[in-house]
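Each remark here refers to the structure printed beneath this line.
Model, not experiment: these values are computed from the prediction. Numbering of ligands and ligand atoms starts at 1, following listing order.
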Amino acid sequence: MGKLQDKVALVTGSGRGIGRAIALKLASEGARVVVNDLDPEPGDAVAAEIKAMGSDAIAVNGSVSEPGFADRFVGAAVEKFRGLDIIVNNAGYTWDSTIQKMTDEQFQAMLDVHLVAPFRILRAAAEPIRIFAKKEAEAGQEVFRKVVNISSIAGLYGNAGQASYSSAKASLVGLTRTLCKEWGRYKVNVNCVAFGLINTRLTQPIEAQQKTIDVAGRDIKVGVQPQLLDAMARMIPLGRGGTPEEAADAVYLFCSPESNYVSGQVLVCGGGLIL
Ligand SMILES: NC(=O)c1ccc[n+]([C@@H]2O[C@H](COP(=O)([O-])OP(=O)(O)OC[C@H]3O[C@@H](n4cnc5c(N)ncnc54)[C@H](O)[C@@H]3O)[C@@H](O)[C@H]2O)c1
């Protein structure tokens, strides 16, 4: 029996990178997972991988910023698995510029994906959680549910070129602490994990030609200058960027029963990096 046996976990942006590693980690502990990605192919592939591991999964793909997505996502979990135990708000990307070059569209896009989407998902989850918690309380049971919002050290300390991203990631900490206070009565642990440098598509070294990702038809540049990556690695006490699996392990801490009396906290997963 895994530590999350039969729990129902929702993980946004779980077709790749850290989200994928989180979905697989939770499934390896017995959770049934509602996978999501903007790109259907990786989303479907992760759901298939989880089923092949012997757990259960469905993919509810599409952008977390789409109107109606939150109800569709939460509704699918309740309908298919009759539960809602863990929500990880992970989906996101970066769209960087110095402030003088940053457009309104760019600033708003970061707020939409990193802040408004988690808010809508949690709002959609509020009523089902209230109903489950009421039934459990009436039966004399104390069942803990888990929310983990994914932030960044850019949200805690700021980062040049990321006025929009860091503002959204900082606000997510406010949302986390508020929901910790609103949902304590339903026994929901609401926490945040802020990553330092994790090696994924977002943080790949920029080579001669900068890579772009397609976000809803827009080509967005991703990647980090190799010199900056080297400088960061030197600043990280553990000497390197983290792997998606190491990042997922930090999220798992807040999903496990061992964190039942921890709420409203921000855990930095950055190899010791303190800015
Ligand atoms: N990699 C890092 O160093 C780092 C550091 C701090 C925070 N983070 C945060 O971790 C999270 C995961 O990032 P990653 O590094 O794994 O990136 P990634 O690009 O490897 O994976 C992110 C996944 O989210 C999906 N996605 C993007 N926008 C989406 C949307 N609107 N709706 C649904 N899915 C969407 C992408 O398609 C992709 O599959 C992000 O919130 C990111 O801001 C990452």
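- Judged by distance alone, with hydrogens and angles left aside, the side-chain atoms of T12 form a donor-acceptor pair with the main-chain N or O of A91 at under 3.5 Å.
- K169 places a side-chain N or O within donor-acceptor distance of the main-chain N or O of I150, the cut-off being under 3.5 Å.
- Looking at atom 8 (N) of ligand 1, its nearest protein heavy atom turns out to be Y165 OH, 3.6 Å.
- Interface of I198 with ligand 1, defined as ligand atoms under 4.0 Å from a residue heavy atom, comprises 1 (N), 2 (C), 3 (O).
- Put simply, no part of R20 is less than 4.0 Å from ligand 1, judged by heavy atoms.
- Residues E142 and K187 are paired through a salt bridge, judged by an N-O separation under 4.0 Å between the basic side chain and the carboxylate.
- The residue from D39, N36, D44 that alone fulfils the side-chain hydrogen bond (donor to acceptor under 3.5 Å, both in side chains) condition with N61 is D44.
- Which parts of ligand 1 touch G17 is read off a 4.0 Å heavy-atom cut-off, strictly below it: atoms 16 (O), 20 (O).
- Proximity of P42 to ligand 1, defined as any heavy-atom pair under 4.0 Å, is not found for any part of the residue.
- A salt bridge is absent between K135 and E138; no separation between the charged side-chain nitrogens and carboxylate oxygens falls under 4.0 Å.
- The distance from ligand 1 to the heavy atoms of D39 drops below 4.0 Å at these ligand atoms: 37 (O).
- If you look at T200 next to ligand 1, the close heavy atoms, those under 4.0 Å, all belong to the side chain.
- With respect to K7 and E29, no salt bridge is recorded, no charged nitrogen being found less than 4.0 Å from a carboxylate O.
- Judged purely by distance below 3.5 Å, without hydrogens or angles, the side chains of N149 and T176 pair a donor atom with an acceptor atom.
- Among F73, F69, Y93, F195, the residue whose heavy atom lies closest to atom 6 (C) of ligand 1 is F195.
- Taking 4.0 Å as the cut-off, T12 does not count as a neighbour of ligand 1 on heavy-atom distance.
- Classification of the H114-Y93 ring pair by plane angle, with boundaries at 30° and 60°, yields tilted.
- The closest approach between S14 and ligand 1 stays at or above 4.0 Å for every heavy atom of the residue.
- A salt bridge is defined here as a Lys NZ or Arg NE, NH1 or NH2 lying under 4.0 Å from an Asp or Glu carboxylate O, and R72 with E66 meets this definition.
- When hydrogens are left out, the protein atom nearest atom 41 (O) of ligand 1 is N90 O, 2.7 Å; that is the closest non-hydrogen contact.
- Only side-chain heavy atoms of N36 come within less than 4.0 Å of ligand 1; its backbone N, CA, C and O stay farther off.
- Counting only non-hydrogen atoms, the option in G196, A247, P40, G155 that gets closest to atom 5 (C) of ligand 1 is G196.
- Comparing V64, D37, I22 against atom 32 (N) of ligand 1, the shortest heavy-atom distance belongs to V64.
- Using a 4.0 Å cutoff on heavy atoms, E66 does not count as a contact of ligand 1.
- Not close to ligand 1: V215, with no non-hydrogen atom less than 4.0 angstrom away.
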